[in-house]
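Comments concern the structure below.
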Amino acid sequence: MNLLSEYTLWRSLAQAIKVKIAAMNTVDIYQDLNEKQREAVMAPPLPLLVLAGAGSGKTRVLVHRIAYLLGEGGISPHSLLAVTFTNKAAAEMRNRLGQLLDFSVSALWVGTFHGLAHRLLRIHWREANLPESFQILDSDDQRRLVKRVIRDLQLDDTRWPAAQSQYFINGQKETGKRPGQVNDDGDPSKRQLVQIYSAYEATCQQRGVVDFAELLLRAFELLRDNATLLAHYQERFRHILVDEFQDTNTLQYDWLRLLAGNQGVLTVVGDDDQSIYGWRGGRADHLQRFLRDYPNASVVRLEQNYRSTATILAAANHLIRGNPDRMGKDLWTDLGSGDPIRLYVGYNEIDEANFVIDRIKNHVSEGLARQEMAVLYRSNAQSRVLEEALIASGIPYRVYGGLRFFERAEIKDALAYLRLIRHREDDASFERVVNVPTRGIGARTVDQVRQLAREQGISLWQAAASFVATDSGRAGKAMRVFLELVQGLAREVVERPLDEQVSLMLTRSGLTEFYAKDSSERGESRAENLEELINAVRAFRPESEELSPIDTFLAHAALEAGEAQGTAWEDCVQLMTLHAAKGLEFPIVFLTGLEEGLFPHQRALGGGEGLEEERRLAYVGITRAMRTLYLSYAEKRRLHGSETYGMASRFVGELPGELIEEIRPRIKVSRPLLAARPNVSRPNASTSTKFSGHWLGQRVQHAHFGAGVITAFEGDGPQSRVQVNFERAGSKWLVLSYARLEAASV
DNA sequence: TGTACCCAGGTTTTT
DNA sequence: CCTGGGTACA
């Protein structure tokens, strides 16, 4: 669709919307908003920052503001752009807009940063210096390509792991830097990374592929370097609304500023206290930067919380005050104070898990649905023990995360065939499926073809063709079979509907049979997934007429990886990481593994920034709970095969003590360690009889070194020594009779 | 071509 | 401890 005809379409749509909105009782849709929400919704068309606390009705405000702008504001839907981070959030916004406005919102520019960037690049592929049907690399594709590049540069790939280089490249792109703009500070390894970046970029350009970060960077450069286009879009998008603003990276921020120009009005909604994606470029300080860059901006704070009890909010507020440089915000509620926060100190991670199970059972017997309970943890590895305990007690559960549908190997294989059928020059896809299912094309053959391609500067496909022409041996024959397969498919597939194309490809390539033969559970699930792919294709409704259906589908697969779990919504206990829990809420929340080193994570200690983000993560976790919050940690935990003795997370100590009720109160009286003899079980030892570690794991207090934990024990009597891992001073051996250690509780 | 073993590495995740 | 990737061998 060209821009002019799109514009005409918009004018008629705008007309229709005005009629609709005028017909609505406008008082009606705003009367349920609280005062602050209304203030945000009805703010004049000037830069606006909505500081939206957890559970304060953020999406509601965003959606109502759009309605307000379209109605009272009298702006055209054509001039509106709404940006989110996830497809889920975009879909949600669409949905709620649809409910509120009662018209088809499918034509509105509501989407993710990446989706919108992609749309711009598809329209302006020429100006962006991309081939018309450029393909999108997902992270996995990108890592493979980086790895390929590293090998081609003859670098040792153990010294230069692809994942690290990938991280580096994305980091540079996220700050808007091309290889030439990266300062290597005279650091040789950084120089090497820049070289990898540079070679990777050249390969991408040559192959006509873009990774996620590249979508953003290209879209930014497209506008920056093209005055006409910039003027056009600045003229068009007068109202830009951004969700989860604290998660924007530098490039996204710059893109928004560029697009808004001097005329555009930005409404940004976010919460600096919930910025937990700093490690992937998100910047909590963009909220403050926004206020500096737009001095005429107003700020509305949404602090009334509709989710949690006063107790939970008090704990959250108190904890987050430990962070410096906040915008500042205190959540409050009309609801009562409710249950105290319950703390359980497990003897080990199994004990901790059993506690969780025990409580879940209690709540179930009280009549709560299992899906109303969530068990949160810092890292995925922690889920295993919990899962084992859940299985053992027969409680259905669901773990969030894991591989998404379009990320599964068998699906990616199928997509690679589709790409190859469409674009014979797609080297990555060629490499992926040339021998999948196995058809006698070994690594040696592929190497030869690759060599040929490099020497002559041609694609793998072309190189394979000339290889077939010269090699009459077994390898040549096998390769010929492959080439003919793809070519044959390409011929047969034209003019057929998309689902038939896919179905045909799956059979002819042998993928279906390959997985069907595998009777293992894994093979069965893969065969099912391929079946599901045909369904996905059948259900797919391409939105754009610009691209062929197949290209549209491929782009969709890359940009929207789909759900991880296909299973239906049984009544399951919800297990997920703290990150995955953001944006969700549950009546009952278990925050587990609250140990120093685990949460806050070891790798986040060191510098201050990392710790602040961990604290925000804890804040996010606490504010997920509506009614009851449980905190737990284990004194001893098996991690990476060895036992570790952790101390209570500092975050537990940072909560107001009066809000917390210890479920199994430990003895709080300090007593000299010498008074106790090894081998005597502690008076407050758990019911478990497995405890045999003398005083290992005992928390102690030292006059000089502060708090620590005993990690080793040596000798007997007054000469005996203990190794103590101090919170601040590190690990030390101390002679018990000299060091006046005191046993300490939490 | 498939599998048996060795080794490193093990925060968080969307697009 | 457990996983995934890579290499060595039958």
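These values consider heavy atoms only, across backbone and side chains, with no hydrogens, waters or symmetry-generated copies. Just so we're on the same page: letters track the sequence lines, and every chain starts at 1.
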Practice problem: Identify whether any heavy atom of A:Arg404 sits under 4.0 Å from a base atom; if not, whether one sits that close to sugar-phosphate; answer base, sugar-phosphate or nothing. | Solution: sugar-phosphate
Practice problem: On the 0 to 90° scale, with breaks at 30° and 60°, tag the A:His556-A:Phe540 ring pair as parallel, tilted or perpendicular. | Solution: tilted
Quiz item: Is the A:Tyr277 ring parallel, tilted or perpendicular to the A:His579 ring (thresholds 30°, 60°)?
Solution: tilted
Self-check item: Charged N-O contact under 4.0 Å between A:Lys517 and A:Glu513
Solution: no
Quiz prompt | C1'-based separation of C:dG5 from B:dT12 [nearest Å] | solution = 23 Å
Quiz item: How many Å lie between NE2 on A:His640 and C1' on C:dT3, as a whole number?
Solution: 12 Å
Quiz item: Touch check for A:Asn380, heavy atoms < 4.0 angstrom, all strands: base, sugar-phosphate only, or nothing?
Solution: sugar-phosphate
Practice problem: With heavy atoms under 4.0 Å as the rule, sort A:Asn87 into base, sugar-phosphate or nothing. | Solution: sugar-phosphate
What are the atom names and distances for every N/O pair under 3.5 Å that joins the protein to nucleotides 5-8 of chain C?
unit_1	atom_1	unit_2	atom_2	d
C:dG6	OP1	A:Lys147	NZ	2.4

Quiz item: Within the modelled atom types, does a donor on one side and an acceptor on the other bring the side chain of A:Ser139 and the base of B:dT15 under 3.5 Å apart?
Solution: yes
Exercise. Hey, can you tell me if A:Phe590 and A:Tyr630 have their rings parallel, tilted or perpendicular (30° and 60° cut-offs)?
Key: parallel
Quiz prompt | DNA chain B: 5'-proximal contact among A:Ala558 and A:Thr158 (nearest heavy atom) | solution = A:Thr158
Quiz item: In whole Å, what is the span from the CZ atom of A:Phe85 to the C1' atom of B:dT14?
Solution: 9 Å
Practice problem: Answer yes when A:Asp152 and A:Arg450 have at least one side-chain N-carboxylate O distance shorter than 4.0 Å, and no when they do not. | Solution: no
Quiz item: So, A:Phe482 versus A:Phe430, ring centres under 6.0 angstrom or not?
Solution: yes
Exercise. Have a look at A:Ser642 and say if it touches a base, only the backbone sugar-phosphate, or nothing, with a 4.0 Å heavy-atom cut-off.
Key: nothing
Quiz item: If each of A:Glu614 and A:Asn435 is mapped to the nucleotide of DNA chain B with the nearest heavy atom, which maps nearer the 5' terminus, i.e. the 5' end?
Solution: A:Asn435
Quiz item: Are the side chains of A:Trp255 and A:Arg224 in touch, meaning some heavy atoms are under 4.5 Å apart?
Solution: no
Exercise. Determine if A:His579 stacks with B:dT12; use a centre-to-centre distance below 5.5 Å and an interplanar angle below 30° as the criteria.
Key: no
Practice problem: With C1' as the reference atom in both, quote the distance from B:dT11 to C:dG6 in angstrom, rounded to an integer. | Solution: 25 Å
